[in-house]
Amino acid sequence: MSAVFDLTAELIRRPSVTPDDVGCQALLAERLARVGFTVEHLRYGEVDNLWATHGEGGPLLMFLGHTDVVPTGPVGQWQSDPFEPVVRDGHLYGRGAADMKGSVAAMAVALEQFVTAHPDHRGRVGFLMTSDEEGPTNLDGVRRVAEHLRSTGERIDWCVVGEPSSKTTLGDLIRVGRRGSLSGTLTVHGVQGHVAYPEKAKNPIHAFAPALAELAAERWDEGNADFPSTSFQVSNLNAGTGASNVIPGTLTALINFRYSTASRAEDLRARTEAMLSKHGLDYRIDWNLSGEPFLSPAGGALRDTVVDVCRELCGIEPEQSTGGGTSDGRFIAPLGAEVVELGPVNATIHKVDECVLVSDLEKLPSLYQAICERLLG
Ligand SMILES: [Zn+2]
């Protein structure tokens, strides 16, 4: 089999559920060091991060990915061991095959081939891996590395993220930006009491219901040329003691905005709080801004290059999207980098029987290598 297939299989065999790296980064570091990369291991808390670079000066083209995977879910529902790579019907199966050990291996192989073919290439190429992309907080992963890079004055021009961006065929969709994510934990205070004596209690469910209806119906913005309109969702709503004869004393709700560059987080916060206050609620809300929106505008060198590479090597006109969830690109974009995501088909990510088409996997290194050639060759 090919270098990219073998390396992907080796990575899948390591059960690197967040934040455990299980030696994935050591394996990648060793390979890149062998072709002349300077390697730095940045461990923060329980999280392993790897930063490897080749070349001198600028511009700097970074490849970004993660070696951690999400848990398997019920192993009995998998057709084969999730940590034993198996090929069936032209697909390589295993946890992380698509998200994103396949693209991690492809980026590493592409960089090996690029620096071997062009030992004196222009500027620098970089390879940044974390073992904390899939976790709930991402505190010690790329967020911390980005702080480190900022403190050392590192300038990143372009960042290719290997997240599985494609919808049905390789290269049919690239991500050129991401919506921001703003979460809130809302507590509405009432007064607990007997359901038969509502005049002596204050029901927080009844108090919140009209405010929730208004929040859910609100049109937060109209979006813009690059982003769909901002969405508001309640993900959790809890109140009640379990007893049918008790009015609860409090209600909690977890809310989330996926917002475009047409809105600002502070405005969404203020508008939400104004609505809650208008309905006379006694409440507290704790906000968490997990990522600002970012956009790599049309006409940027990286975005144009990735589009060209998809056209020429995949024979497809890629959709240039800002949809989907957040990615670690959100920590790199604020350093001034143009960020574009290109990776395999995402149909099975986080699912039972996660897989990647072997022919897509075999093709991926040539896409990443072409990006290097065009920007730094
Ligand atoms: Zn991922």
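Both counts, for ligands and for their atoms, begin at 1 and track the order of listing. All residue numbers in this chain count up from 1 along the given sequence.
In this structure, Arg179 forms no cation-pi arrangement with Phe227, as its terminal cationic atom is not both closer than 6.0 Å to the ring centre and no more than 45° off the ring axis.
Nearest N/O/S atom of Asp99 with respect to the Zn ion (ligand 1) is recorded as OD1. Glu163 has its closest N, O or S atom to the Zn ion (ligand 1) at the position named OE1.
For Phe257 and Trp220, the distance between ring centers is under 6.0 angstrom.
Thr261 and Asn224 share a side-chain donor-acceptor pair at under 3.5 Å. No side-chain donor from either of Asp226 and Thr322 sits under 3.5 Å from a side-chain acceptor of the other.
Residue Glu133 does not count as close to the Zn ion (ligand 1), with no N, O or S atom under 2.8 Å.
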